[in-house]
Amino acid sequence: MATDCLFCKIIAGEIPSTEVYSDDDVYAFRDINPAAPTHLLVIPKKHLTDVKSATADDEALMGKLLLRANEIAAAQGLADEGFRYIINTGSNGGQTVFHLHLHILGGRQLGWPPG
Ligand code: 5GP
Ligand code: ZN
């Protein structure tokens with residue numbers, strides 16, 4: 001746990017969130033400011049600042065994050081109509097919370113390219 005990290009505090013239950021999924025390694029919850037009818041954040045319980053901070057030690061964790069996201073998206077009823085995963089990284093990527101998170105967006109037609 002990183003002491004000054006918002007999402008570490010959410011994992012620890014120090015800041016409330018709407019849980020959608022939890023296991024030993026992965027936590028998923030609803031985004032507080034949804035950009036689509038379904039907007040979830042899937043995060044590793046281990047603090048990683050961003051996706052480029054993952055190392056070979058995190059190979060299984062990265063795979064698990066994506067596979068759990070697939071299961072969560074399906075459980076949310078997004079599989080048939082489709083959805084989008086987004087991992088914003090760094091300043092140009094629009095990252096605002098520096099604990100790796102995968103956005104799941106679904107429930108409406110999404111535009112491309114992103115602004
Ligand atoms: P980023 O821009 O870093 O990719 O995404 C951060 C996301 O975290 C944003 O979509 C924002 O709405 C969400 N967020 C920020 N603070 C909180 C919070 O306290 N609770 C929840 N559930 N989501 C948050
Ligand atoms: Zn953290």
Side-chain angles (χ1 to χ4, degrees):
M1 160 146 185
T3 43
D4 259 350
C5 173
L6 176 66
F7 286 175
C8 281
K9 288 179 182 165
I10 282 180
I11 292 163
E14 293 169 16
I15 293 173
S17 64
T18 305
E19 176 180 324
V20 171
Y21 177 83
S22 183
D23 65 25
D24 285 349
D25 301 312
V26 174
Y27 185 66
F29 56 108
R30 295 198 182 277
D31 195 291
I32 204 168
N33 184 23
T38 301
H39 187 173
L40 308 174
L41 300 171
V42 185
I43 65 178
K45 290 191 172 175
K46 173 184 176 181
H47 178 86
L48 289 170
T49 301
D50 55 26
V51 72
K52 65 183 166 55
S53 301
T55 70
D57 285 347
D58 303 310
E59 191 168 324
L61 180 60
M62 294 298 96
K64 187 170 181 180
L65 199 72
L66 201 51
L67 292 175
R68 291 299 167 273
N70 284 349
E71 292 168 8
I72 293 162
Q76 294 285 317
L78 302 177
D80 287 345
E81 294 195 319
F83 53 84
R84 186 173 297 167
Y85 294 154
I86 298 171
I87 302 178
N88 294 326
T89 306
S91 177
N92 274 2
Q95 186 176 7
T96 60
V97 177
F98 290 88
H99 179 128
L100 169 60
H101 50 283
L102 180 149
H103 295 256
I104 303 177
L105 292 168
R108 68 170 172 83
Q109 181 66 56
L110 299 167
W112 191 262

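Model, not experiment: these values are computed from the prediction. For ligands, and for the atoms within them, numbers begin at 1 and follow the listed sequence. The first residue in the sequence is number 1, and the count goes up from there.
Near Q95, meaning under 4.0 Å from one of its heavy atoms, ligand 1 places the atoms 3 (O). Which parts of ligand 1 touch F29 is read off a 4.0 Å heavy-atom cut-off, strictly below it: atoms 21 (C), 22 (N). Atom numbering of ligand 1 starts at 1 in the shown order; those under 4.0 Å from a heavy atom of N88 are 1 (P), 2 (O), 4 (O). Which parts of ligand 1 touch I10 is read off a 4.0 Å heavy-atom cut-off, strictly below it: atoms 20 (N). The distance from ligand 1 to the heavy atoms of N33 drops below 4.0 Å at these ligand atoms: 12 (O). Atom numbering of ligand 1 starts at 1 in the shown order; those under 4.0 Å from a heavy atom of F7 are 8 (O).
Residue contacts with ligand 1 for H101 involve side-chain atoms from C-beta outward but no N, CA, C or O (heavy atoms, distance under 4.0 Å). Contacts of F98 with ligand 1, taken as heavy-atom pairs under 4.0 Å, are absent altogether. Heavy atoms of I86 found under 4.0 angstrom from ligand 1: none, in either backbone or side chain.
Between L41 and H103, some side-chain heavy-atom pair lies under the 4.5 Å cut-off. Annotation: side chain of V20 is in contact with side chain of R30 (closest heavy-atom distance under 4.5 Å). At a threshold of 4.5 Å between non-hydrogen side-chain atoms, the residues D4 and K9 count as touching.
Taking every heavy atom of both residues into account, I72 and A28 meet most closely at CD1-CB, 3.6 Å. Here the closest heavy-atom approach between residue I10 and residue S17 is recorded as CG2-OG, 3.4 Å.
The NE2 atom of H101 lies 12.5 Å from the CG atom of L40; values are rounded to the nearest 0.5 Å. Atoms CG and CG, on L48 and D58 in that order, are 5.0 Å from each other to the nearest 0.5 Å.
The closest protein non-hydrogen atom to atom 3 (O) of ligand 1 is T96 N, 2.7 Å. The protein heavy-atom contact nearest to atom 22 (N) of ligand 1 is R30 O, 2.9 Å.
Nearest to the Zn ion (ligand 2), among the N, O or S atoms that H99 has, is ND1. Note on H47: its N/O/S atom closest to the Zn ion (ligand 2) is ND1.
Under the 4.0 angstrom criterion for non-hydrogen atoms, I87 is not in contact with ligand 1. Contact between G94 and ligand 1 is present, with at least one heavy atom of the residue lying under 4.0 Å from the ligand.
Side-chain heavy atoms closer than 4.5 Å link hydrophobic residues (I, L, V, M, F, W, Y) into clusters, and following such links, even through other members, never connects Y27 to I32.
Below 3.5 Å of separation, one finds no N or O of I15 facing any N or O of ligand 1. Note: an N/O pair closer than 3.5 Å links H103 and ligand 1 by distance alone. Looking at ligand 1, you'll find an N or O of I32 within less than 3.5 Å of one of its N or O atoms. By the 3.5 Å distance cut-off applied to N or O atoms, L6 is not counted among the residues near ligand 1.
Side chain of Y85 to backbone of N70: a donor-acceptor contact under 3.5 angstrom is found. For Q76 (side chain) and G107 (main-chain N/O), no donor-acceptor pair under 3.5 Å exists by modelled atom type. Looking at K64, its side chain never comes within 3.5 Å of a backbone N or O of P44 through a donor-acceptor pair.
A side-chain contact (heavy atoms from CB on, under 4.5 Å) with I43 is found for one member of I11, V97, V26, L100 and no other, namely I11.
In this structure, SG of C8 and SG of C5 enclose an angle of 120° at the Zn ion (ligand 2), rounded to 10°.
Counted within 6.0 Å of CD on E81, heavy atoms from surrounding residues, nucleotides or ligands total 12 or fewer; the atom is thus considered open.
Heavy-atom proximity to atom 12 (O) of ligand 1, evaluated over L100, D31, T18, is greatest for D31.
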